[in-house]
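The structure appears below as structure tokens.
Labels below follow one simple rule: chain letters A, B, ... track the order of the sequence lines, proteins then strands, and each chain is numbered from 1. Quick note: numbers below take in every heavy atom, side chains included, and nothing from hydrogens, waters or symmetry partners.
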Protein chains: 4
Amino acid sequence: MLINIDLQSNEPIYEQLKNQIMIQIARKDLKPGDGLPSVRRFAADLGINLHTVNKAYQQLKQEGFILIHRQKGVVVNPEGIPSVDGEYEEKLAQSLRPLIAESACRGMTEGEFTSFCRQLFKQLTDEGDEY
Amino acid sequence: MLINIDLQSNEPIYEQLKNQIMIQIARKDLKPGDGLPSVRRFAADLGINLHTVNKAYQQLKQEGFILIHRQKGVVVNPEGIPSVDGEYEEKLAQSLRPLIAESACRGMTEGEFTSFCRQLFKQLTDEGDEY
Amino acid sequence: MLINIDLQSNEPIYEQLKNQIMIQIARKDLKPGDGLPSVRRFAADLGINLHTVNKAYQQLKQEGFILIHRQKGVVVNPEGIPSVDGEYEEKLAQSLRPLIAESACRGMTEGEFTSFCRQLFKQLTDEGDEY
Amino acid sequence: MLINIDLQSNEPIYEQLKNQIMIQIARKDLKPGDGLPSVRRFAADLGINLHTVNKAYQQLKQEGFILIHRQKGVVVNPEGIPSVDGEYEEKLAQSLRPLIAESACRGMTEGEFTSFCRQLFKQLTDEGDEY
DNA sequence: GTGGTCTAGACCACG
DNA sequence: GTGGTCTAGACCACA
């Protein structure tokens with residue numbers, strides 16, 4: 001579990017944590033059924049508060065990425081991650097639109113943008129490399 | 001200037017405003033040299049706070065999208081928008097990574113993701129159509 | 001806003017709060033668009049911590065009962081409450097089954113049980129009476 | 001004794017166990033005087049902790065559903081289950097109120113709610129069928 | 001002033 | 001030891 005938290009970032013810590021866990025899942029460093037550290041353990045390892053870890057876990061649970069057992073701790077959803085639905089596509093589009101708009105303003109073409117995405121996609125999903 | 005502000009959204013109003021202005025520029029509804037409403041006027045039209053419009057304008061100015069003259073008002077940068085540089089690419093990558101990670105988790109392939117981007121890119125830059 | 005919190009109860013305070021707000025909505029003491037107190041105000045009024053109120057609000061928001069504006073505070077969803085769907089029916093059945101089972105064990109007939117429900121339903125939705 | 005324990009559930013295991021035993025009694029799969037497995041045996045069969053089974057048994061005994069003899073083992077109360085009293089009605093009402101309130105909020109009518117209960121009641125008490 | 005986030009420390013239910 | 005809940009107090013972004 002290589003997780004890097006930037007305490008200085010504007011991005012909330014719990015968001016960073018969520019994202020990094022999702023990245024691990026995307027690149028299959030974490031597979032369905034794999035366990036994650038307990039909130040206390042993780043908080044101690046990362047040097048952050050247990051409530052912050054808990055908030056990340058609760059949201060991941062709520063979105064169906066993980067299951068939280070009262071006793072046995074936390075595991076990646078063994079039934080797999082919920083797949084893309086209309087609701088997610090809309091959310092994704094909402095997030096992408098501003099990024100695309102700004103990139104277009106700055107002169108990026110459609111091809112440049114998509115190939116930029118392709119690169120990132122490969123980096124994230126190819127196993128083993130730097131994230 | 002068709003601007004839609006969603007007061008219910010989690011996205012800060014000034015961000016929404018920035019984004020929608022950038023979208024207008026991207027689709028060339030706003031061209032270099034075109035004028036924008038004064039802070040007061042814009043705030044009144046949109047029914048939002050002066051400071052909110054001002055914040056959006058200051059950030060757009062800071063990023064080189066617009067110029068603010070004390071008397072002459074606000075115009076889209078007549079020298080064009082600063083083009084993509086390494087710094088922007090890094091910022092863009094930071095924003096895209098979590099989106100790509102979540103999409104990949106949910107089973108989207110690289111091809112699906114890029115074609116999704118392509119669609120959005122077209123919608124945003126094709127002039128005249130629905131946004 | 002007549003809310004009674006029992007600090008001694010086993011039922012978590014945030015659950016009590018959620019339930020009492022839902023009761024107010026059910027009996028139309030709170031209508032779509034009506035405002036609710038700010039987290040700080042409500043917490044002070046009830047003599048509980050603001051995080052506890054916040055937790056109740058977040059969950060009500062998440063279930064579509066209320067909207068939370070960053071500035072303007074909290075309102076009952078003006079578009080109305082999400083209606084019953086299959087997911088909710090399943091959740092409801094899960095909650096009812098044990099209650100029905102125990103009641104049946106104790107000799108309640110189907111008719112007695114449903115008429116008991118009918119009474120409660122009337123008490124909750126008829127305006128003005130004791131809850 | 002078909003008992004299904006869901007280790008993933010938020011519902012405590014001992015609660016699940018209690019409920020399922022009560023369901024068996026309600027549908028007369030278990031009749032007064034019938035024996036139940038010993039704590040050890042039951043725990044082994046279900047793959048759960050001794051203390052968990054014991055907790056469920058203690059509470060069922062406490063409520064008069066079962067008797068626990070040191071040597072003779074555990075039996076469904078041969079004198080029958082204590083019938084409904086005022087205390088139980090109040091407890092039941094406390095549990096039902098939030099469910100009714102939420103259902104009413106979501107647009108369920110009194111008739112829909114009671115007929116939903118009627119269905120569940122039949123499913124639970126009709127012998128032999130799916131639970 | 002509002003909600004959003006983070007920290008710290010405490011007690012309890014569960015198994 | 002685990003997560004669930006609650007409290008208390010702090011700082012920040014937003015408008």
> Do C:I5 and C:I3 come within less than 4.5 Å of each other through their side chains, counting heavy atoms only?
Replying inline: yes
>> I want to check something: taking the side chain as every heavy atom from C-beta on, are B:F65 and A:R106 in contact at a cut-off of under 4.5 Å?
In response: yes
> Is a side-chain N or O of C:Y88 found less than 3.5 angstrom from the main chain of D:S103, in a donor-acceptor match?
Replying inline: yes
> Toward the 5' end of DNA chain F, which comes first, B:E11 or C:N49, by nearest nucleotide?
Replying inline: C:N49
>> What's B:L50 touching, base or sugar-phosphate or nothing? Going by heavy atoms closer than 4.0 Å.
In response: nothing
> So what does D:E15 hit on the nucleic acid, given a heavy-atom distance under 4.0 Å: a base, only sugar-phosphate, or nothing?
Replying inline: nothing
>> Heavy atoms only, 4.0 Å cut-off, all strands: where does A:Y57 land among base, sugar-phosphate and nothing?
In response: nothing
> For DNA chain F, which nucleotides open and close the run of contacts to chain A, 5' to 3', at under 4.0 angstrom from a non-hydrogen atom?
Replying inline: F:dG1 to F:dC6
>> Counting only Watson-Crick pairs (N1-N3 plus N6-O4 or O6-N4) and G-U wobbles (N1-O2, O6-N3), all under 3.5 Å, who is the partner of F:dT2?
In response: E:dA13
> Base, sugar-phosphate alone, or nothing: which one does B:I48 contact when heavy atoms must sit under 4.0 Å apart?
Replying inline: nothing
>> Taking the nucleotide of DNA chain E with the nearest heavy atom to each, does C:S38 or D:Q59 sit closer to the 5' end?
In response: C:S38
> Within the structure shown, what part of the strands sits under 4.0 Å from C:H69 by heavy-atom distance: base, sugar-phosphate, or nothing?
Replying inline: sugar-phosphate
>> With a sphere of 6.0 Å drawn around CD of A:E87, does it hold more than 12 non-hydrogen atoms of other residues, nucleotides or ligands?
In response: no
> How far apart are the C-alpha atoms of A:Q16 and A:Q20, what are their side-chain angles, what is the distance that settles it, and do they pass the side chain to side chain donor-acceptor pair (under 3.5 Å) test?
Replying inline: CA-CA 6 Å; A:Q16 294 180 46; A:Q20 298 220 16; 5.1 Å; no
> Closest nucleotide of DNA chain F for A:N10 versus for A:R41: which of these residues is on the 5' side?
Replying inline: A:R41
>> The test is side chain to side chain donor-acceptor pair (under 3.5 Å); show your working for D:Q59 and D:E63 and say whether it passes.
In response: CA-CA 6 Å; D:Q59 294 196 2; D:E63 295 170 27; over 6 Å; no
